[in-house]
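First listed ligand is number 1; within each ligand, the first listed atom is number 1. Side chains included, hydrogens not; waters and symmetry mates left out as well; all remaining heavy atoms used.
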Amino acid sequence: MKTTTLSAADLTPKTGLRPAQAIEQLEKFGPNELVAKRPPTIWRKIWQHLSDVSSLVLLFAVGLASYMALQNGGWLKPIVIGSILVINVVIGLYQEASAEKSLAALKSMSLPTAKVRRNDVIQTLAVEKLVPGDLVYLKAGDQLPADGVVLSATDLSVDEAVLTGESVPIEKTIYQVGDVAKKTQQVFAGTAVTAGTAVIQLTATGMQTEIGQIAGLLNRTKQRMTPLQGRLNRLSSWLSVVAIIGGLVIFGLSLGLQNQGLAASLMIGISLAVAAVPETLPIIVTISLAHGVRKMADQNAIMRRVSAVETIGNVDVIASDKTGTLTQNKMTITRYWTPKTGIQAVNSQLPQAGQQLMQALGLATNAEIKLVDQKEQTFGDATELAIVRWLMQHDTSRATFEQTYPRVAEDAFDSKKKMMTTVHRLNDTQQLVLVKGALDRLPLKATVSAAAQQAHDQFGESALRVLAIGYKIMPTVSDPSADWAAINRDLTLVGLVGLIDPPRPEVMAAITEAKQAGIKPVMITGDHLVTATAIAKEIGILTSGQRALSGEQLQQLSDAELEAEVPNIAVYARVSPQDKLRIVSAWQAQGATVAMTGDGVNDAPALKAADVGIAMGITGTEVAKGAADMVLTDDNFATIIAAVKSGRTVYQNVLKAVEFLVGVNFAQIFLMVGAVLFGWGAPLLAEQLLIINVLADGIPGFYLSREPGEPTVMQATPVKSHESILGRGLGQRLGLRAVTFTGLTLGVYAIGRFVLTDNQATVGMTMVFLVLAIGSMIDIYAIKDRQPLTLMSFKRNQQLNRALIAEIVVILALASIPMLQGLLGLTTLPLVGWLVVIVGICLPTIVLELNKRWQASRADSGLTEVIN
Ligand code: ATP
């Protein structure tokens, strides 16, 4: 670790850097980001494409054709194959650029921000804009954006596990100017503030930070393969082996059976192998995932990891926080209870006991509502804002109360304790202690009275959050924070308030949709079991046969018991963030794929452990966002369900691409080998095969990634991680397509060569070329719609329509304009030949449509087939 010393001159003035200084520093040190390596140049990308296996084989084919041309003349072939190679590379570059564009947009969306003082204004800046010398404000939950020294701090502790592996937070102290900074006076990029606040001066940014120096960590920016990409890569390698065997067989047959000569046999063998290798599959997956990322971002779900696009589509369980995600987080006090008044509705009347309750709550509150430019600005959590609003209704404020009882100390609220304490000066010798929080957590002097308990339960049953407040008067102690346990005891209950937090209006429909999609929604809340149960019933999470469990009950279950019980539990109440990890693990032990939401620092372990960790964009801490795979910019449960839908659509589109590409590749192998075995010779020339491969395979498949989802996409069950990619009917459809095209092309060839003409191979060849090229392109409509085709199927994807029309025009021109026919060795067809071609082109679509109807009538529900 390098040493850091700041002299008085190095110290940034309290007003922060001036804009000119910031610009100067940015030019000097560059943006605050970890760059693993510079993006490759266009030449490097072209080189990468040229050096992949199919390009190398094509290059070899160009060389071979040139050699044959040198021997026998006829330079057309090497030129055509060379052009195909160029088109292949150009399409590859275009597809890659399209995927990169979406992913770059994703990167800029998920950029974290930091609070910085510059030119005496506190502003929120994207962390990449930070420079050494900047004054950055930190609070609990923030992730350190760069390295710095601590200039001022209150109770700052930082979790440095990412750097040191040490999971106990380190307490930080203030740096003394002129000294060599101690480790405890420095903070480091990538670590997380667990408690306290601080102002730091940045000393190093970007690659100069400690984390930037650790070269090994840079590998993290490397994209990992998603499970689907992995499975498809395996499928692709397997198919490549089949393609190569096909190429070898055809090479052997044409050399041995037909005496075609070594070079010509090699040529056809290579071309078949190139055509049959599904080299576009991996890029189609990348493009589909990138497209999904973009679509999800439009729907308020920012994906921090591309693989999560796929995983969210296949989740079995969504465990969601209640407050703010399922509910609106707009709390209002609607009822209160005091021993004197009993239960009362909140209105303009307020008896004295009610006033005392309101005053106690007001003093124990940190929230604030300010009017800035006629607009309301709120500070603090929703529970406390409800108290401030209650005060406002009665024309009073916390400041008014504090004039009489100034606050001297505070023990902050946290979700584990579920209460907070404030201490106020009463007079020279006495202090007033106020503790507000959950009734069951308040350390009261006497047991809760039956009346209080009844009021509490009644509020809870009406789906109200219950907040209790207790007090005590004690002799003044100089530092209450020295022993909070001694302060927080022997309280007398002042009263209770019930707060309503209505469910988000869209949440009921989202829960119904999740259930239809075979996903189990689970509610996790810090609220009381009674309140949680009431809300869960109202929004449809808790239905018959399902249980609600309290944190206490959860703690009594062993891990094994929880695993056994977990499928029956829909609500967890009064839990703390630590319990979330157990819930995730129990589900995962059941083989489920789990999504879990969270917002606080303590939620980070559960977010990391979940298959999809989901952080709240509005209320979430930077640490939670950093640990998550997905960030909801609107904190809304319904957004998760929209993301599931998009994830499933991406998955479905990739499988449609597999069906589209792979079936015909098999058919090409069977066609070539079959025809040679029948003694007909090769029914397609090398360059014909290659052009079909470029035009009919690559381009339409590319547009499949943009298909909108099937209407039934949310009616199938989630795909299990161990499920075969060929399951749910895909294998059957692939087989059917391969058989259809093999039979069809062999038949068409025979008709062209032996029925319509007297053994004219070029007629058969031209007909096979047209049927294979156009037929395997237009049946994309039947593939992309799992439902029977309608007019809408043709209207929905205009980009695809345009691409197909352009390609069909090119293919027809190549086959019918005499000047072009020679390029690929095609010939003019008799009229009947065209008729046969037209029927042949339509046949695969008809077969696919008939298969859909047959499958639908066969399957009882028909729905399990829908997903892929
Ligand atoms: P959820 O888990 O549903 O998202 P939450 O995270 O807001 O809700 P907690 O913060 O754990 O849940 O709150 C649980 C309980 O703590 C509430 O029922 C209430 O009694 C009490 N509580 C909440 N906020 C405060 C606060 N600011 N001061 C004192 N007590 C509070």
N-O pairing of [X] and [Y] below 4.0 Å:
| X | Y | answer |
| --- | --- | --- |
| Asp579 | Arg582 | no |
| Arg504 | Asp635 | no |
| Arg398 | Glu384 | no |
| Asp142 | Lys115 | no |

Legend entry - Chi angles and distances behind the side chain to side chain donor-acceptor pair (under 3.5 Å) call for Ser462, Arg335: CA-CA 11 Å; Ser462 312; Arg335 278 183 255 174; 3.1 Å; yes
Need the ligand 1 atom indices (1-based, order shown) with element for anything under 4.0 Å from a heavy-atom of [X].
| X | result |
| --- | --- |
| Asp381 | 27 (N) |
| Ala438 | 20 (O) |
| Arg574 | 15 (C), 18 (O) |
| Ser415 | 10 (O), 11 (O) |
| Gly526 | 1 (P), 2 (O), 3 (O), 8 (O), 11 (O), 12 (O), 14 (C), 15 (C) |
| Asp321 | 4 (O) |
| Val466 | 19 (C), 20 (O) |

| query | Just wondering, more than 12 heavy atoms not from Lys520 lying within 6.0 Å of its NZ? | reply |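 Count over threshold, so yes.
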Within a 6.0 Å radius of atom CD on Gln393, are there more than 12 heavy atoms belonging to other residues, nucleotides or ligands? yes
Where is the nearest protein heavy atom to [atom]: which residue, which atom, and how far?
| atom | result |
| --- | --- |
| atom 8 (O) of ligand 1 | Thr323 OG1, 2.8 Å |
| atom 31 (C) of ligand 1 | Phe413 CE1, 3.1 Å |
| atom 29 (C) of ligand 1 | Lys436 O, 3.4 Å |
| atom 18 (O) of ligand 1 | Asp527 OD1, 2.4 Å |
| atom 11 (O) of ligand 1 | Lys418 NZ, 3.0 Å |
| atom 7 (O) of ligand 1 | Arg465 NH2, 3.1 Å |

Worksheet item: Has ligand 1 got any nitrogen or oxygen that is less than 3.5 angstrom from a nitrogen or oxygen of Glu384?
Response: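 Yes, there is a polar N/O contact under 3.5 Å.
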Thr525, portion touching ligand 1 at heavy-atom distance under 4.0 Å: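 Under 4.0 Å from ligand 1, Thr525 contributes backbone and side-chain atoms.
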Chi angles and distances behind the salt bridge (Lys or Arg N to Asp or Glu O under 4.0 Å) call for Lys580, Asp321 = CA-CA 10 Å; Lys580 285 182 167 182; Asp321 285 333; 2.8 Å; yes
Which of Thr531, Thr597, Asp527, Asn329 passes side chain to side chain donor-acceptor pair (under 3.5 Å) with Lys322? Answer is Asp527
Audit row: Leu361, Lys436, side chain to side chain contact (heavy atoms under 4.5 Å, CB included) steps and yes/no: CA-CA 7 Å; Leu361 284 169; Lys436 82 175 191 318; 4.1 Å; yes
